[in-house]
Engineer: 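The structure under discussion is supplied below as structure tokens; questions concerning it will follow.
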There are 2 protein chains.
Amino acid sequence: MSNPDATTPAHAARRALTQRLHRHGILPTPQRLEIAAMLLAEAQHLSADQVMEKMLRCGAVVSKATVYNTLGLLVERGLLRQVSVDSSKSFYDSNTRPHHHFYNVDDGTLTDVEAPHLCLADLPPPPPGTYACGMDVVLRIRHRKL
Amino acid sequence: MSNPDATTPAHAARRALTQRLHRHGILPTPQRLEIAAMLLAEAQHLSADQVMEKMLRCGAVVSKATVYNTLGLLVERGLLRQVSVDSSKSFYDSNTRPHHHFYNVDDGTLTDVEAPHLCLADLPPPPPGTYACGMDVVLRIRHRKL
DNA sequence: TTAATTGCAAACATTTTGCAGGTTC
DNA sequence: GAACCTGCAAAATGTTTGCAATTAA
């Protein structure tokens with residue numbers, strides 16, 4: 001029944017993720033694999049708290065500190081993007097391709113905005129001695145008043 | 001020496017500010033006047049903490065709670081713009097005309113970017129049932145590596 | 001074996017809140 | 001006098017840190 005070279009889809013995915021973490025210089029510990037697998041499964045915007053919750057609900061064993069450590073590490077290594085829309089908490093975005101966001105002020109929801117053609121040409125160059133290392137565009141939206 | 005209708009620049013400015021607060025539906029209490037006078041004197045980006053510090057250094061009598069209350073009120077009434085670049089604290093920007101920001105990740109500094117011609121045409125419209133109520137563009141910059 | 005990671009709880013920083021006392025209209 | 005504002009301290013978040021025990025290479 002058990003095959004050391006098993007190639008079920010689940011096994012293959014887990015192996016691919018392990019290698020991906022390795023390639024980014026991240027030691028693939030069980031907790032990191034769990035968190036990365038959950039986050040990278042689909043494009044989503046979760047707060048640290050929501051990640052924690054989702055992990056516990058899945059029966060994974062992780063501590064808050066490890067969640068924060070891992071999220072920070074994934075951001076640092078470019079596997080995750082951190083979005084600050086509201087000064088109270090951060091969102092972690094598993095879509096790392098360039099894009100922008102709608103932020104619904106009323107319900108605290110974040111939505112991707114594909115805007116590949118936003119004219120950057122009109123933006124002034126960074127001040128002397130500095131270089132641009134990122135751009136965040138947040139469009140605040142609200143429910144229409146009835 | 002003392003003239004009830006005195007029109008020294010300082011008096012005139014204070015009177016104008018009082019009226020401005022009134023026009024925005026803000027009861028001009030001494031603390032609010034102090035805070036507004038300091039913030040609106042020039043375009044600047046201060047955190048709540050920096051506002052508090054500056055007030056105390058000027059000999060003004062204000063509590064932390066009042067600083068937060070007042071900043072929140074000024075934002076709500078459109079005299080100040082709140083900018084969230086970093087999930088740990090907010091900046092209060094006394095320039096309320098549309099503009100964007102450079103955020104220096106290395107020293108936590110915020111700088112205005114006048115970008116009146118940023119192409120908004122390419123951005124998709126807000127989702128059904130919502131309307132756009134603001135746009136924040138933050139260009140993250142870092143000191144150039146030597 | 002040696003270095004890195006984890007978990008827990010305590011520490012932190014920022015912002016909010018409850019309420020008594022004071023101020024404004 | 002009624003409503004509103006202020007200050008203090010305590011509470012509520014969200015995030016980080018110190019350190020001993022565990023795990024990975």
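Proteins get letters first, then strands, A, B, ... in listed order; numbering begins at 1 in each.
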Engineer: Mind listing the N/O atom pairs, protein and nucleotides 1-3 of chain C, below 3.5 Å?
Structural biologist:
none

Engineer: Which pairs pass side chain to side chain donor-acceptor pair (under 3.5 Å) with one or both residues in residues 23-37 of chain B, sequence neighbours excluded?
Structural biologist: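 Counting only pairs at least two positions apart or across chains, no side chain to side chain donor-acceptor pair (under 3.5 Å) contact touches residues 23-37 of chain B.
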Engineer: Take the protein atom CG of A:Leu21 and the nucleotide atom P of C:dT5, then report the distance between them rounded to whole Å.
Structural biologist: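 Computing the A:Leu21:CG to C:dT5:P distance gives 12 Å.
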Engineer: Given atom CG of A:Leu73 and atom P of C:dA4, what is their separation to the nearest angstrom?
Structural biologist: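 Answer to the nearest Å: 13 Å.
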Engineer: In the structure I gave you, are the side-chain heavy atoms of A:Leu80 and A:Ser94 within less than 4.5 Å of one another anywhere?
Structural biologist: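 Yes. Closest side-chain heavy atoms under 4.5 Å.
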Engineer: Whole angstrom is fine here: how far is it from CE in A:Met52 over to P in D:dG14?
Structural biologist: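 Taking CE of A:Met52 and P of D:dG14, I get 14 Å after rounding.
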Engineer: What is the distance, to the nearest angstrom, from the NE2 atom on B:His22 to the C1' atom on C:dC25?
Structural biologist: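 Spelled out: NE2 on B:His22 to C1' on C:dC25 is 9 Å.
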Engineer: Atom CD of A:Glu76 and atom P of D:dT16: how far apart are they, to the nearest Å?
Structural biologist: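 Those two atoms, CD and P, are 12 Å apart.
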Engineer: Does a salt bridge link B:Arg81 with B:Asp136, judged by any charged N lying under 4.0 Å from a carboxylate O?
Structural biologist: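 Salt bridge flag = yes for B:Asp136 with B:Arg81.
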Engineer: Which pairs count as side chain to side chain donor-acceptor pair (under 3.5 Å) when at least one residue sits in residues 48-58 of chain A, sequence neighbours excluded?
Structural biologist: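 Output for this query lists A:Gln44-A:Lys54, A:Ser47-A:Gln50, A:Glu53-A:Arg57.
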Engineer: Please determine whether residues B:Leu71 and B:Phe91 belong to a single hydrophobic cluster, defined as Ile, Leu, Val, Met, Phe, Trp and Tyr linked transitively by side-chain heavy-atom distances below 4.5 Å.
Structural biologist: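 No: no chain of side-chain contacts under 4.5 Å links B:Leu71 to B:Phe91.
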Engineer: Could you check if a side-chain atom of A:His101 sits within less than 4.5 angstrom of a side-chain atom of A:Asp93, using non-hydrogen atoms only?
Structural biologist: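 Yes, close enough: below the 4.5 Å cut-off.
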Engineer: Measure CE/B:Met55 against P/D:dT6 and give the value in whole Å, please.
Structural biologist: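 Interatomic distance, CE of B:Met55 to P of D:dT6: 13 Å.
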Engineer: Quick one: are A:Pro28 and A:His22 in side-chain contact, heavy atoms under 4.5 Å?
Structural biologist: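 Touching, per the 4.5 Å side-chain cut-off.
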Engineer: Mind listing the closest non-hydrogen atom pair of A:Gln82 and B:Ser87 along with its distance?
Structural biologist: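 Answer, listing the atom of A:Gln82 first, then B:Ser87: NE2-OG, 4.2 Å.
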Engineer: Could you report the tightest heavy-atom contact between B:Arg144 and A:Thr130, atom names first, then the distance?
Structural biologist: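 Residues B:Arg144 and A:Thr130, closest heavy atoms: NH2-O, 3.6 Å.
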Engineer: So, does A:Ser63 get its side chain near the phosphate of C:dT6, meaning an N or O under 4.0 Å from OP1 or OP2?
Structural biologist: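 So the side chain of A:Ser63 is outside the cut-off, no N or O lying under 4.0 Å from OP1 or OP2 of C:dT6.
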Engineer: Sort me out a list of protein N/O and nucleotides 9-19 of chain C N/O pairs below 3.5 Å, or just none if empty.
Structural biologist:
{"from": "C:dT14", "atom 1": "O3'", "to": "B:Ser88", "atom 2": "O", "distance (Å)": "3.4"}
{"from": "C:dT15", "atom 1": "OP1", "to": "B:Ser90", "atom 2": "N", "distance (Å)": "3.0"}
{"from": "C:dT15", "atom 1": "OP2", "to": "B:Tyr68", "atom 2": "OH", "distance (Å)": "2.5"}
{"from": "C:dT15", "atom 1": "O5'", "to": "B:Tyr68", "atom 2": "OH", "distance (Å)": "3.4"}

Engineer: Using a 4.5 Å cut-off on heavy atoms from C-beta on, say whether the side chain of B:Tyr103 contacts that of B:Asp86.
Structural biologist: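 Answer yes - side chains close enough.
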Engineer: Can you get from A:Leu46 to A:Val67 by hopping between Ile, Leu, Val, Met, Phe, Trp and Tyr side chains that sit under 4.5 Å apart?
Structural biologist: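 Shared cluster, yes.
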Engineer: To the nearest 0.5 Å, what is the distance between CZ on A:Arg20 and CD1 on A:Ile26?
Structural biologist: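 That separation rounds to 9.5 Å.
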Engineer: Going by number, which of residues 23-36 of chain B have a non-hydrogen atom under 4.0 Å from DNA chain D?
Structural biologist: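 DNA chain D contact set from residues 23-36 of chain B: B:Leu27, B:Thr29, B:Gln31, B:Arg32.
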Engineer: Compare all side-chain heavy atoms of B:Asp112 with those of B:His100 and state whether any distance is below 4.5 angstrom.
Structural biologist: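 When only atoms from C-beta onward are counted, B:His100 and B:Asp112 do not touch, as no gap falls below 4.5 Å.
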Engineer: At what angle, to 10 degrees, do the two end axes of the helix from C:dT1-D:dA25 to C:dC25-D:dG1 meet, given five pairs define each axis?
Structural biologist: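 It works out to 30° between the end axes.
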